[in-house]
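Numbers here simply count residues along the sequence, with the first being 1.
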Amino acid sequence: FFNVTLTIDDASTDFTHTSQTTKIRVIDVNEEPTVTAPAPFTIAENTTKATSLGKITADDPDKFNANFGTLYFSLKGDEAAQFDIDASTGELSTSSNAKFDYETKSSYKFKAVVTDKTFTKEVDVVVNILDKPEVPKFPDNPPALAVDENTKKGTEVGVVEATDDDCKDTHLATCKLPTYSLTATDIAANDYKSFTIDKSGIITVAKDSVLNFEKKKEYSVRVVATDG
């Protein structure tokens, strides 16, 4: 309220006047909220649980008026499906079932929406996916290889290959392809010495006539793939 004194003068010769004090009330009207454009958020690839990324910051001149000052947050855009936002606080997080793979998609762009039910503001949001080293993986079912006895050195037995997610799609030129080696298994300490493996995963016989069916019909070896 403002206190105002009103004075009325009589234009007669004695210039008499009268005055009265009154109040003027200022009526609050709804004003637009403001929202701050956030810096890009980040999340590591292969994150498997809901993770907080930070907050979308907004302000409302009417924040002390319960009728106008309550803000509500939401997300907009196809790429927002991997994310959630707290409707009251604006806290942005990954959804519980989100899957992030840097090699497939390294950035997500969508909008955060802020409204006080009368005015609506939108702001661009960017979430960058951080690349993490990933170990090479072999097929779930390892191949059973076969080779004739008495074969010569260098005879190909078969190929065992591991895949590396770091080398998918356009990242093949910059990633480090797996390298291979042979080692002993828990049940055969020396079997691997009868074979060699090259950088492509091709297994070959190590020496001439080292394989003799009548003496040994099965070999157990472990293939190790090393990232880079």
How long is the straight-line distance from OG1 of Thr226 back to CG of Asp164, given to the nearest 0.5 Å? 11.0 Å

In short, Val159 meets Glu156 closest at the heavy-atom pair CG2-OE2, 3.8 Å

Would you say Val114 and Leu75 are hydrophobically clustered, going by side-chain heavy atoms of ILVMFWY under 4.5 Å? yes

Give the table of side-chain donor-acceptor pairs shorter than 3.5 Å for residues 119-129, with sequence neighbours excluded, one pair per line with atom names and distance.
unit_1: Thr120; atom_1: OG1; unit_2: Thr115; atom_2: OG1; d: 3.3
unit_1: Lys121; atom_1: NZ; unit_2: Glu32; atom_2: OE1; d: 3.2
unit_1: Glu122; atom_1: OE2; unit_2: Lys76; atom_2: NZ; d: 2.9
unit_1: Asp124; atom_1: OD1; unit_2: Lys111; atom_2: NZ; d: 2.5
unit_1: Asn128; atom_1: OD1; unit_2: Ser107; atom_2: OG; d: 3.2

Knowing that exactly one of Leu71, Thr118, Asp59 qualifies, which makes a side-chain contact (heavy atoms from CB on, under 4.5 Å) with Pro33? Leu71

Got a sec: does the NZ of Lys105 have more than 12 other heavy atoms crowding it under 6.0 Å? yes

Where is the tightest heavy-atom contact between Tyr219 and Asp191, given as atom of each residue plus distance? CA-OD2, 3.3 Å

Please report the shortest heavy-atom distance between Gly54 and Phe41, naming the atom on each side. CA-CE2, 3.9 Å

Please say whether more than 12 non-hydrogen atoms of neighbouring residues, nucleotides or ligands are located less than 6.0 Å from CG in Asn212. yes

Does Tyr102 offer a backbone N or O that forms a donor-acceptor pair with the side chain of Glu45 under 3.5 Å? yes

Between CG of Asn46 and CZ of Phe100, what distance do you get to the nearest 0.5 Å? 10.5 Å

Whether over 12 other heavy atoms sit under 6.0 Å from Lys216 NZ: yes

Heavy atoms only: give me the nearest Thr89-Phe73 pair and the separation to one decimal. C-CE1, 3.9 Å

Listing, residues 143-153 side-chain donor-acceptor contacts under 3.5 Å, not counting sequence neighbours, or none:
unit_1: Glu149; atom_1: OE1; unit_2: Phe213; atom_2: N; d: 2.8
unit_1: Thr151; atom_1: OG1; unit_2: Asp148; atom_2: O; d: 3.3

Parallel, tilted or perpendicular for Tyr108 and Phe83, by the 30°/60° rule? perpendicular

For residues Leu211 and Phe195, determine if any side-chain heavy atom of one lies less than 4.5 Å from a side-chain heavy atom of the other. yes

Would you check if Asp227 and Val135 make a side-chain contact, meaning some heavy-atom pair closer than 4.5 Å? no

Within a 6.0 Å radius of atom CG on Asp186, are there more than 12 heavy atoms belonging to other residues, nucleotides or ligands? no

Check whether Ser106 reaches the backbone of Thr104 with its side chain - one donor and one acceptor, N or O, closer than 3.5 Å. no

Look at the side chain of Asp84 and the backbone N and O of Ser93, then say whether any donor-acceptor pair between them is shorter than 3.5 Å. no

To check you understand the geometry: which heavy-atom pair defines the closest contact between Ser95 and Ala81, and what is its length? OG-O, 4.0 Å

Answer whether the closest heavy-atom distance between the side chains of Thr155 and Thr204 falls below 4.5 Å. no

Indicate yes or no for a side-chain donor-acceptor contact from Asp198 to the backbone of Ile202 under 3.5 Å, with no hydrogens or angles considered. yes

Pair Gln82, Thr94 - check side chain to side chain donor-acceptor pair (under 3.5 Å), show working. CA-CA 6 Å; Gln82 300 270 51; Thr94 61; over 6 Å; no

Does Glu91 reach the side chain of Ser52, with side-chain heavy atoms less than 4.5 Å apart? yes

Donor-acceptor pair, side chain of Arg222 and main chain of Ala184, under 3.5 angstrom: yes

Would you call the rings of Phe138 and Tyr180 parallel, tilted or perpendicular, where under 30° means parallel and over 60° means perpendicular? tilted

Side-chain contact test, heavy atoms from C-beta onward, threshold under 4.5 Å: evaluate it for Val205 versus Val157 and give yes or no. yes

Start with the C-alpha gap between Val223 and Ile203, add the side-chain angles, then the distance that decides, and say whether side chain to side chain contact (heavy atoms under 4.5 Å, CB included) holds. CA-CA 10 Å; Val223 180; Ile203 298 175; 4.2 Å; yes

Which heavy atom in Pro178 sits nearest to a heavy atom in Ala225, and how many Å separate them? CB-CB, 4.3 Å

What distance separates Leu92 CG from Lys55 NZ, expressed to the nearest 0.5 Å? 12.0 Å

